[in-house]
Amino acid sequence: MSDKETLIKSTDTVSNGDVESVAGKGDASGTNNPDEHFDVHLNKRKYYDIEKSPKAEEVFKWQREHIKVKDQSKDGYPLNIIIDPAMREMYQHVHAQGLTNVFDRWEQQEKIRCNFCVQGLSCQLCAQGPCRISAKVPRGACGVDAHVMVARNFVYRHVTIGTSANMFHAMQAARTLKAAVQAPESGLKIRDRDKVLKYAEMAGLNTSHDVNKVALDFVNWILEDMGRPYYEESAMVEAFAPAKRKELWRKLGIFPGGGNSEVAYAQTKCMTNLNADPIDFLLTSVRLGIINEYQGLFALDILQEILMGTQKIATKKQNMGLLKPGMVNIITNGHMPLTAHVVMDLASGQEWQEKAKKIGADGIQILGHVCEGQQLMNYEGTQEMNAYGGQEGEWLSEEYLFATGAVDLFMFDYNCTIPTLPLYAKRFGTTMVSTHEVIRMPGTEVVEFKPEQMKEQAAKILDMALEAFKKRKSENRETYIPPYTTECMIGFSTESVKAALGGTWEPLLDAIKKGSIRGIATIVGCTTAVYGQGGSNILAIAKGLIEKDILVLSGGCTSSVMQYTGLTNPQAAEECGPGLKAVCKALGIPPVLSYGACVDIGKMTHTAKELADALGVDTNMLPIVIGAPEYLEQKAVADACTAIALGWLVHVAPVPSVTGSDVVVKTLTETTETLGLGKLMVELSAEKTIQIYVDHIEKKRKELGL
């Protein structure tokens, strides 16, 4: 018996006392191991009758009418909040079969949710707990009060994890660029040589060498800075952050060092009976926000663009209708398209397309999903590969995407792969393949992330996909593909926008100064299954802002919402206020500019820095707002801390778990702004959110004398 089998066997005999097993009453209803499930995930039942969404040409009109309904509560949930027509259809099918799915699970959890956890007033750090704080019991067993508990939870449970995740991503991109230089047989190459030289020069490195040598020096410089101790100032922050911000961060004592050490430093503060100062915890969060940007988001954006090409403005398609029953359909999911772009490159060659035809397929197509798909759609080096099939959707749609029966292989890496997908893979015949060591799922294949062997790994993945298609064809499995796609303009970034404006920011700044564009709002992050959200909150806010002549930038799963609601199509200019409408029509652009993934927030901050430099002001003076109106997880909270560090108003909804402390709430929503930093804003109502955004932008315009 293997060590793993012994471990599994030993857990079978552990006593649960009087607590019912999480696996349920013998029916495996509570486990995600597909081998322990019965025929509910093996049956061959036909697709249920589905109430079809409106015809494709009527979808946009229907979506806009749908968000006008004020009651998006539990009555009628979730169809009263799902505005993706493809997801609406597939939800009905999955729900009718009794299959576990994200909207039904959220509704079940809502009935048993703990209000102590919602407010940040529960602690499980030491053996004297768990402890919960209330008016009658104002301290934990150790003596901790509500303010420290909430602030410490904020740092420990959210910001350190989010910062670590973005740094981890940047480290993988650095490994991959190093392999491109040192292992040419890997299938990797440098696609943006100019970017290597530009950022190496900003880092103070010698750029007179061969570009491969410069790239290697740049990678080593990044990795060295990540490993720097927390008490030595970060070279990356010094090289890339705005000068006036750096002065403020030093004054406040939050100029960070190396990110790995910073996370360890912050987590050490969170240990039981160590730090009892809630303000210090919150300033630590802002300090981590700086690292989250410069050693996380900004670094990984630069590195991935070097490998896959900088964004290029183009028109592409999105949604489930891009699946084709006769094709080998590969979905690549996650946030780190490092392996995926090599798979796509290989599949674009005649050899693999011919292999697919020999087994009876029309060919191979690779479609992106969640943020990984947004990146592949935007990068110049990948968007033109002929095996590229388009973007599928947001994270909420994953289970419903599998339920089409048309997904042959689902390759996934870091972040946003739902734990129930192995159940769907078994039920609907999809092969699942992990492409990174950080993520594992029961009953799935593994192709370990080794940048030096990516071409070989890509071939292995393509072989698996062909086998999966052959199995689907031999079993004559039924499929249902919702017939919806939207055409969207994508590929916006600091470089591509500036190039489209003629190489200068003056046209955009002139429009802002004249008031044709009142300001800029970035609507970024995730989508959630919460009452009143499910994409509907994002659409309502974005539409309300463009009607007020506010230009919107999107990133993350919000980009998918903007795409399937038509706001990233130039025709959406007709829905804008008169000033923004005129600008969009003159430039031939939509009122929502898709910057791509949630990790592409790093590009948005870069754009803001250049605009601030062009105006000769600090970043906190800009008429911009950062919004995450359906935020989901820890990275979004770390990103919010980045926005606060740079001096911006940042809106998050649902309400984060900080309401248990008035000190924490006041500090994040008021005090930080008095220090020259930004501030947090929480609001669930789309109408109120729009007005708060508008008021803040008008306040900043007045301060600038506009």
Sequence neighbours excluded, which residues qualify as side chain to side chain donor-acceptor pair (under 3.5 Å) partners of [X]?
X	answer
Gln63	none
Asp362	none
Thr522	none
Glu394	Thr527, Tyr564

Considering residues at least two apart in sequence or located in another chain, which fulfil the side chain to side chain contact (heavy atoms under 4.5 Å, CB included) criterion with [X]?
X	answer
Lys699	Glu673, Glu703
Lys244	Asp618
Val583	Ala511, Ser516, Ile517, Leu587
Asp413	Met336, Glu372, Thr435, His436

Salt bridge (Lys or Arg N to Asp or Glu O under 4.0 Å) partners of [X], counting only residues at least two apart:
X	result
Lys498	Glu610
Glu506	none
Asp695	none

Can you list everything that forms a ring-ring contact (aromatic ring centres under 6.0 Å, His included) with Phe410? Sequence neighbours excluded, please.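 With sequence neighbours excluded, Phe410 shows a ring-ring contact (aromatic ring centres under 6.0 Å, His included) to Phe402, given in chain and number order.
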
